[in-house]
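In what follows, a structure is listed as structure tokens, so that the remarks can point back to it.
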Amino acid sequence: MRKILILLSILIIVGCQQKNDLPIEISLNENWQFKGIDTLSWNSATIPGNIFTDLLVHKIIEDPFIKTNENKVQWISKKDWIYRTTFQLSDEVLNKKNIELNFEGLDTYASIYLNDSLLGKTDNAFRKFTFNIKRLAKKDNHLKIIFKNTDEIEIQKEVINPYKLPEGKRIYSRKAQFQYGWDWGPKLNTSGIWKNISINAWNDYKIENIYVKQNAVTDSAANLIVEIENQYIEKEQLKYDVYLNNKLHSENSNLKIPITIKNPKLWWTHNLGEPYLYDIKVIVKKDDQILDSISTKYGIRTIKLINKKDSIGESFEFELNGKPVYMKGANYIPQNSFQNKVTNTYYEKLLTDVVKSNMNMLRVWGGGIYENDVFYDLCDEKGILVWQDFMFACAMYPGDKSFLENVKTEAEQQVKRLRNHPSIALWCGNNENSEGWKRWGWQADRTEKEKKAIWNDYLAVFDSILPKAVNEFSDTDYWETSPKYGRGNPKYKSEGDAHDWWIWHDAYPFEHLQENVPRFMSEFGFQSFPNFETIKYINQKDAIDLKTDAIKSHQKHVRGFQLIDEYMERDYKIPTNHEDYAYVSQLLQAKGIVMGIEAHRRAKPYNMGTLYWQLNDCWPAISWSSIDYFGNWKALQYKTKKAFENVLISSKIEKDSVKTFIINDTFEKLKGELKLKVIDFYGKELWFDSKEIELLENSSQQFYTFSLNKFDRISTLLITEFNNEKSYFYFSKPKNLKLPKGEIEQQISKIEKGFKITLESDVLQKGVFLYSKAKGHFSDNFFDLLPNENKVIEFKTKATKLDDLQIKTLNNI
Ligand code: BMA
């Protein structure tokens, strides 16, 4: 569709009368059917799609996301499946010199037959495959694809591999690894045509690819090279017209076209400037005939990962347009076990949430998928940087020739596909493979020779093939593995990126995050229960019941429930009813993660980024996510929004003193008055001070310290203010606070996009949680309401009534 629109706009630009010999592109997504090789009869299929959603549409299986249905659908992955379609080709297409059949994604072991001839076999869901069908194509065609189950092929591959590799057989298949089951996701190993299929017919010329390279960028000029990769059968000279924002900018007959943009507008992350994008379009002509065209959005920016030795170790910081930028964000996983369900609306909503929450970086984690184009397009547009893992996670991978060649092609295709996106900040080889090898016991009972061989296979991929692909085909930096050093290594804190799983996996208290600040935190996290609506969906019943088999089957971490309980006991009174428990689990998660985020940000520039685990879910789950499967913000998402503001006031207790810091992520000096006051829970002011301060640009500074000795720590709190920023700080754990009982008065009025809710109380109300059966989004939630404060919340909803608004607070637990 995009291509058709581009072609239309070209025709308008160059005048409709002009002759052309453009390639013809035809979608083959329609008219498909599927059946099992040895089961079921033909039924209609949806492309892009997968076998599970096709079976679901025809009600052959029950929804695997509810109750314990996941168990009932495991047979599907053990079967072979067949998909077929018929299509017609016009004479115009058949007369072209080249006719290609393109598969953007086949999942995974596919044998493709066109008009009963075997066209080829594929073995990588992350690669696109193209076949020349000039010889086989006819007016009436039938296309058939047989998908072998992965089990069978993985067993064959395992038998041939000289040694058994850790973490099961998934490593033999180049497909989304989380589909084999993860500690937050179900085992739903899909099969099918998961991306578009099309025909591309052309005569002598076709563009394959465009690469916009930055030569030099200054305030006065950006020198770019627009490189065209094409297929060209004749050898006559061609003309390349480059359009910049729809105006003809230059004409050239070189495949590498230099262009200069005067006074360029740079691309910035949304929190530091405008993510400005240029439109670059190239039209290829022979004499006056148009042969093909291509266009891309392009943001001019430099992004570098700086690893510089210093007195402590080695820095890990991103420099955007020459400035060090603090990275704030989270780890992103696929939004659904069934990728075809993730429509553009989901991408738009989630990435809008990311911006609203003041995040400027996401890490696309290596156990999922290389995301769809729309994901990166939106990150470009919205000013979000992407740390992009290659799709390898938590395992050691084989190193035979065919595996390595397969990975090489995959890497080259993906790097080329993503290289023009200004959002791409880094390519990273894998998630925790190196840490796993060094720390998780995978070397036990192996001979030296075997260990060496396995590590050499690791190096072949992550120290050779992948960095070569990144260096050869893009300007992006490469990082071998995340984390660089595991938490058993003393360098954890002084060098590279780090994953802090002392919290959660090792059950260390949250406070441990404050003493263990690394140079860049690329993962740390804590689980919570999802929204009530999501719990009800899992159980398919209206009461909130956390003890059902369904809920147990949606908690994939073996010690998950126990760990939530253990941590909750440290900080909160453990509620006896299930609803309150789910609510407090969210406050607990938010408390722990925000404690980490603030410690990391206070340590700037020693630490230059914090990405928590994990932003989203791929099914309704009890997990580390801050936004649940249905898009509901958990407490953590609301707290993150605050903790990631460009200017953050953050206090901590050291011995008996409170130390107050302000972090400034902007590139401006800020002046203002820092106001501090301590009040009791009934609103009585016990102490006040203020001071004029100046914040350096891009800094973290301590501005104030005071002794806690004169305050009763369980019934008072500190309120700090600087310009428009406000922050509350407590001196004791929530379970020890003497929270008063008191009513909250509420007023609700209808506004255009939902409802306005005004709340007030005589006493401090902690952790105020608003909820309703109506679907919608509260502008703020899980907040603390100060005594006599008038708090206005907007509830954005399509519902016309709001007569069931309910409120929970910690005061009442
Ligand atoms: C991290 C991730 C995932 C995992 C998460 C929670 O290390 O990379 O593998 O889901 O921990 O255990």
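Both counts, for ligands and for their atoms, begin at 1 and track the order of listing.
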Considering heavy atoms of the protein only, find what lies nearest to [atom] and give residue, atom and distance to 0.1 Å.
atom                    : answer
atom 3 (C) of ligand 1  : Trp182 NE1, 3.5 Å
atom 2 (C) of ligand 1  : Glu523 OE1, 3.3 Å
atom 12 (O) of ligand 1 : Asp183 OD2, 2.5 Å
atom 7 (O) of ligand 1  : Glu432 OE2, 2.4 Å
atom 11 (O) of ligand 1 : Trp501 CZ2, 3.3 Å

Given Thr53, Asp107, Asn50, the one that forms side-chain hydrogen bond (donor to acceptor under 3.5 Å, both in side chains) with Thr190: Asp107

Under-4.0 Å heavy-atom contact with ligand 1, by part of Trp184 that carries it: side chain

Partner of Trp427 by ring pair (Phe, Tyr, Trp, His ring centres under 6.0 Å), out of Phe390, Trp387, Tyr478: Phe390

Contact check, His557 vs ligand 1, heavy-atom distance below 4.0 Å: no

contact_flag Trp365 ligand 1 heavy-atom lt 4.0 Å: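 Flag set, Trp365 near ligand 1.
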
Aromatic ring proximity, centroids under 6.0 angstrom, Trp479 and Phe520: no

Proximity of Trp504 and Trp624 rings by center, below 6.0 Å: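 Here the rings of Trp624 and Trp504 have centres that are less than 6.0 Å from each other.
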
Salt-bridge criterion met for Asp665 and Lys328 (N-O under 4.0 Å): yes

Side chains of Ser482 and Asn431, donor plus acceptor under 3.5 Å: no

Test item: side-chain donor near acceptor, Tyr458 and Asn430, under 3.5 Å: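 A pair is found: one side chain offers a donor N or O, the other an acceptor, under 3.5 Å apart.
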
Ligand-residue contact atoms, ligand 1 with Cys394, heavy atoms, under 4.0 Å: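 Once the distances to Cys394 are compared, the set is 9 (O).
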
